[in-house]
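As C-alpha cells, the structure follows; a few thoughts come after it.
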Protein chains: 2
Amino acid sequence: MTELSAYLETAARSIDVMIDRYFVDTTGELNKASAHLLAAGGKRLRPAVVMLAADAVKPNSSSEILPAALALELTHTFTLIHDDIMDGDILRRGVPTVHSKWDMPTGILAGDVLYARAFEFLMRANATDEARGRAVTMLASACAELCQGQHMDMAFEKRDDVDEGEYLEMVRKKTGVLYAAAAGIGAVLAGGNSRQVKALYNFGLNTGMAFQIQDDVIDLLSPPEKSGKDQASDLREGKQTLIWIRAREKGLDLSHYKRSLTDTEINAAIEELEDAGVIAEVKATANELVSTSAKHLALLPPSKERELLKEIGEFFVTRSF
Amino acid sequence: MTELSAYLETAARSIDVMIDRYFVDTTGELNKASAHLLAAGGKRLRPAVVMLAADAVKPNSSSEILPAALALELTHTFTLIHDDIMDGDILRRGVPTVHSKWDMPTGILAGDVLYARAFEFLMRANATDEARGRAVTMLASACAELCQGQHMDMAFEKRDDVDEGEYLEMVRKKTGVLYAAAAGIGAVLAGGNSRQVKALYNFGLNTGMAFQIQDDVIDLLSPPEKSGKDQASDLREGKQTLIWIRAREKGLDLSHYKRSLTDTEINAAIEELEDAGVIAEVKATANELVSTSAKHLALLPPSKERELLKEIGEFFVTRSF
C-alpha cells in the first residue's frame, strides 16, 4: 500500500466514525433518508483534501478540524441526492437512490437536511471565529456555483454544440469548486495566510476539474468490472464531454454511437477516437490541469502532506475506477 | 397607518431594494428562477423581525445587519420553492411556482441557490466574527428543523389521528424555528448577551407558532376576498390542523366535509365548530403563545422596537389575511 492510499484510508475511517455517530445512529424516517447515501460508502476524497490542506499549512492540525472535513462530505452527498432526483437515477454506490427508496419529497428534504448540517459541522471546527467565518463564505459560494454547474450540465443534454470553453466552465463549477473549497477551507481553518489559502484553493480547483475529465475518460475506456459502471454510457447518450467536443472539432461524427452498443462497437469507437488523437489530447488536458495544480502547491512549504496532495492530483488522472 | 405598519413597510422596502440589486438584476436562467418568487412580493416579516430584534438590543443597529435580514427572506423563499415542488402547487403569491414556470430540476436548484446565498448574506452582516458564527449555527440549525417540520406535515396528510402534541411540534419546526432564528440572529448580530438572545429566540418561536395557528383559523373563517385564498381548503382536504384535532377530541366528526363545499356548507361547518367552542379554544391557544412571547420580550430593556415586536405578535393572531 502506498503512503497515499494509507492516508486516504485513515482519513476515510475518521469520517466514517463521525457519520456513524451523528447520522447513522439516529431515529426518524427523514434522518434515515439523509444517512442512507452517506452510509453507503464513498472514497471520502473531499474530506481527505480538507485534512491534507490543513496539515500542509500547519502540521498535525487536521485533527482539530475533522468536523469541517465531514462538512465537505455532507455537501457532496446533498448534491448527489438532489442530482439523482433531477437525473432520475435509480442506483448510486450500489444502493437505491434516496428518492427511489423513499420518494421525491423525502429526497429533496434529505438533501436539504445535509445541506444545513454541512454548515453546522463547519462551525464545529476548532479554529478562530474569523477563520470559520471565511470557511462559511467559501462553502456557501461553492454551493451556489455547484448549482450553476449542475444547471449547465442539464442544459447541455439538450444541445449538441457545446464548446470546450463552456464544457470547462461547467466542470469547474460542478466539480472543481467543491475540491477548491475543500482545500481552501482546510487551509483557512488551519490558520493559513491568504497566499496559502489561495494556492490551495487553486490546487483544488485544477485537480477537481482534472478529476471530472478523467471520469469521462474512465466512462469510455474502463470495462464495467474495473469501473463498476456501464461502459461508454456517455457515448451512448451523446453526452457533451470533452471527448465528444474534441472529436467534433476534428470532424469526427460520433452521433451514430447514440444507441445501445456491443463491446465490439465500443472498442471500435475507442479505436476511432484513439486514432484521431482525441483520447491522448483529452488526457493531456487533464494532465495539464494537474501540472497547474502542482505549481500552486509549490507555493507551500515542503512537507509530507504537500507531497500527498500532489500525489492525489496524479492519482485523479491515472485511476481507472 | 399605525407605527407598526409604517415600520413593516420601511423594512420591506429595504429588503426589496437588496432583492432587486442582488437577485432580480441578473442574467442566466437559473438566477432568474431563483429570483422569481423573491421578486413576486411578500410581507418580508422575517427580515422585519431580524431588524426589530437588533434594534431592541442595540438602538439603530439594524442598518448594519441588513444582509442578515435578507438572509432570512432567502431562507424562507428557498423553503417555499422546495415545498411547492413537494406539494405539487402551481400558484404562489399570484404567480406560477418556480417548478411550474420552469421545471422540477430548476425548482430544486433555484431553492438550493437561495439556500447558499442565505449563508453568504448572513456573513455579510457588519458584526463581530463571533456573532456571525453564532448566527450561522442558528440559521443552519433552523434549516435542519424546517425540513423535519415539512416532513412531519407531509406525513400527517396520510393520517387522521394526529394529536395536539404532534401538531404543535410540527408547527414549532415548520414555522416557529425560522421566526426564532430571525429574532435570535438579529439579537446576536447586534451584540446582545446570551439572556437577550435567548429571550428573543423564544419570542420568535412562540409568535411563529401563533402565526401558523392563525393561518389555519384564517383558512376556515376568512372569505377569499379577504384572505386571497380558497376558503376552508384545510377542511375540504381533511388537513390535521389544530381545529380538526380539537374538534375530534370533542367528538365532532368533520370527515363529511372532506369534499367540495358550498358557501352555505362552509358556514354550517363554522357554526358547528363555534358552537362546540373549537374556534374559541384554538384562538385561545394562539393568544397564549403570544402572551408567552410577550413575557420573553419583557426581559429586554424598554424601547420602541420592543413594543413593535410585541405588536407584531398581536398582529399575527388578529390578522384576517
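To find a chain, count down the sequence lines: A is the first, B the second, and so on, and within it residues start at 1. All values below were derived from every heavy atom in this structure, side-chain atoms included, with hydrogens, water molecules and symmetry-related copies excluded.
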Which atoms of B/Gln148 are under 4.5 Å from chain A, going by heavy atoms: the side chain, the backbone, both sets, or neither?
both
Using the ring-ring contact (aromatic ring centres under 6.0 Å, His included) rule, take B/Phe121 and B/Phe23 through it: C-alpha gap first, then chi angles, then the decisive distance, then the call.
CA-CA 12 Å; B/Phe121 276 91; B/Phe23 292 88; 5.8 Å; yes
What residue, out of A/Gln150, A/Arg117, A/Met152, has the most heavy-atom pairs lying under 4.5 Å from chain B?
A/Gln150
Spacing of OG1 belonging to A/Thr77 relative to CZ belonging to A/Arg46, to within rounding of 0.5 Å
8.5 Å
Do other residues, nucleotides or ligands put more than 12 heavy atoms under 6.0 Å from the CZ atom of B/Arg21?
no
So does A/Arg195 get a backbone contact from the side chain of A/Asn193, meaning a donor-acceptor N/O pair under 3.5 Å?
yes
Rounded to the nearest 0.5 Å, the CD1 atom of B/Ile245 sits from the CG atom of B/Asp216 at a distance of 9.0 Å
Heavy-atom donor-acceptor pair, B/Thr97 side chain to B/Asp89 backbone, under 3.5 Å:
yes
Please confirm whether the backbone N or O of A/Ile90 pairs with a side-chain atom of A/Ser100, one donor and one acceptor, at under 3.5 Å?
yes
Taking the six-membered ring for Trp, are B/His82 and A/His82 parallel (under 30°), tilted (30 to 60°) or perpendicular (over 60°)?
perpendicular
Check whether any side-chain N or O of A/Asp153 sits under 3.5 Å from a backbone N or O of A/Gly149 as a donor-acceptor pair, and report yes or no.
no
Indicate yes or no for a side-chain donor-acceptor contact from B/Ser34 to the backbone of B/Leu114 under 3.5 Å, with no hydrogens or angles considered.
no
Winner by heavy-atom pair count (cut-off under 4.5 Å) against chain B, out of A/Ala110, A/Ala118, A/Gly28, A/Cys147
A/Cys147
For each of A/Met123, A/Glu29, A/His151, tally heavy-atom pairs with chain B at distances under 4.5 Å, and name the one with the top tally.
A/His151
Based on non-hydrogen pairs under 4.5 Å, which of B/Thr79, B/Asp112, B/Asp87 is most in contact with chain A?
B/Asp112
Most contact-rich option vs chain B, by heavy-atom pairs under 4.5 angstrom, among A/Thr106, A/Ile108, A/Ile85, A/Val113, is A/Ile108
When only heavy atoms count and the cut-off is under 4.5 Å, which of residues 162-184 of chain A reach chain B?
none
Donor-acceptor pair, side chain of B/Arg92 and main chain of B/Leu37, under 3.5 angstrom
no
Report yes if some heavy atom in the side chain of A/Phe211 is under 4.5 Å from a heavy atom in the side chain of A/Leu45; otherwise report no.
yes
Contact residues of residues 126-144 of chain A (partner chain B; heavy-atom separation under 4.5 angstrom)
A/Asp129, A/Glu130, A/Gly133, A/Val136, A/Thr137, A/Ala140, A/Ser141, A/Cys143, A/Ala144
